[in-house]
Amino acid sequence: MSIRHGLLALLERGPRYGSRLRTEFESRTGSTWPLNVGQVYTTLSRLERDGMVVQDGEDDAGHALYSITDDGRTELRSWFETPVDRSSPPRDELAIKLAMAVGAPGVDIRAVIQAQRGHTLKAMQDYTRLKAQALADVPSDRDEVAWLLVVEQLIFQAEAEARWLDHCESRLVRLAKAAATEPAPSGSSTGRPGARTAASRLRNRH
């Protein structure tokens, strides 16, 4: 829904055509979430269908202009005032990857974690460099301030991911040690094969 409401926010500043909306959206977010013109016009068509925007003539170059309606402003105000819902978080590929890697035959989960940590730390360094560039001159307009907020969010997100990866590795090491000292279940040779397999792989790396 961020594209839908982002376009409404830009249209509240005045009539816009599709390509200009794309350019301003990317400028405001530092091209972190690039759009194509097709996405913009598809979203505008849905907003028009829902009564949130209307076509409002053309500019001097013949571009079709869109304007926000009162219903669109009401929707936008509601978006700004309503917290982002975290009760149904989006699927995270990294979390799914690590969950599936636990106990998977032939997968060295610590190597997966270490590779991801290296990538995440490099991304964090790149974002920090972008932040330093943005702060070299005091942000002077709303687009520069908006981009600074976005890049700082990316830094915090990368920092959190790096800490989580450290936590995952520490937990796996603790589980491996616990599995190494856990007596085998009497009368059974099965027990917890996934945990024992992961534990043996971790022990082999020490």
Side-chain angles (χ1 to χ4, degrees), residues 1-7 22 25-40 42-43 46 79 82-134 146-185 188-206:
M1 297 298 287
S2 59
I3 296 175
R4 173 186 177 94
H5 292 101
L7 297 184
R22 182 190 65 172
F25 184 96
E26 293 185 352
S27 175
R28 186 66 65 87
T29 61
S31 297
T32 304
W33 301 289
L35 298 178
N36 60 55
V37 173
Q39 282 179 289
V40 172
T42 297
T43 305
R46 291 172 180 165
W79 182 59
T82 304
V84 174
D85 184 13
R86 299 299 188 194
S87 61
S88 300
R91 294 183 182 91
D92 183 278
E93 182 180 356
L94 177 57
I96 294 172
K97 179 188 289 188
L98 293 189
M100 297 301 170
V102 173
V107 177
D108 185 339
I109 191 168
R110 289 190 68 189
V112 175
I113 291 172
Q114 289 167 4
Q116 183 64 46
R117 184 190 291 112
H119 177 81
T120 300
L121 292 176
K122 182 181 182 303
M124 186 167 61
Q125 292 168 355
D126 291 341
Y127 297 146
T128 302
R129 191 158 42 248
L130 288 173
K131 177 182 175 181
Q133 293 172 0
W147 163 231
L148 184 59
L149 294 177
V150 169
V151 77
E152 286 176 333
Q153 189 270 345
L154 293 172
I155 292 170
F156 291 138
Q157 190 175 55
E159 289 176 342
E161 183 170 283
R163 290 197 301 272
W164 177 67
L165 289 167
D166 290 342
H167 166 78
C168 288
E169 188 168 27
S170 296
R171 179 173 294 282
L172 289 168
V173 169
R174 291 196 300 272
L175 290 174
K177 290 178 179 178
T181 59
E182 183 181 273
S188 171
S189 60
T190 55
R192 295 162 56 195
R196 289 204 301 274
T197 302
S200 65
R201 285 202 297 272
L202 284 169
R203 287 198 301 273
N204 291 337
R205 292 184 58 85
H206 288 295

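Every heavy atom of this structure was used, including side-chain atoms; hydrogens, water molecules and symmetry mates were not.
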Residues which pass salt bridge (charged side-chain N to carboxylate O under 4.0 Å, His left out) with [X], listed by chain and number, not counting sequence neighbours:
{"X": "R174", "result": "none"}
{"X": "D166", "result": "R117"}
{"X": "R28", "result": "D143"}

For this session: Check E26 against P34 and note the closest heavy-atom contact, atom names and distance.
Result: OE2-CA, 3.4 Å
Can you name the side chain to side chain donor-acceptor pair (under 3.5 Å) partners of [X], sequence neighbours left out?
{"X": "T120", "value": "Q116, E161"}
{"X": "K97", "value": "none"}
{"X": "R163", "value": "none"}

Calculate, to the nearest 0.5 Å, the distance between atoms [atom1] and [atom2] belonging to [X] and [Y] respectively.
{"X": "E169", "Y": "R110", "atom1": "CD", "atom2": "CZ", "value": "4.5 Å"}
{"X": "L172", "Y": "L98", "atom1": "CG", "atom2": "CG", "value": "8.0 Å"}
{"X": "T43", "Y": "R22", "atom1": "OG1", "atom2": "CZ", "value": "13.0 Å"}
{"X": "L121", "Y": "E159", "atom1": "CG", "atom2": "CD", "value": "10.0 Å"}

side-chain contact (heavy atoms from CB on, under 4.5 Å) involving [X] - partner list, sequence neighbours excluded:
{"X": "K131", "result": "L135, L148, V151, E152, I155"}
{"X": "E93", "result": "none"}
{"X": "A123", "result": "Y127"}
{"X": "T29", "result": "F25, W33"}

For residues 82-90, dump all side-chain donor-acceptor pairs below 3.5 Å to protein atoms at least two apart in sequence or in another chain.
from: T82; atom 1: OG1; to: S78; atom 2: O; distance (Å): 2.7
from: D85; atom 1: OD1; to: S87; atom 2: N; distance (Å): 2.9
from: D85; atom 1: OD1; to: S87; atom 2: OG; distance (Å): 2.6
from: D85; atom 1: OD2; to: S87; atom 2: OG; distance (Å): 3.1

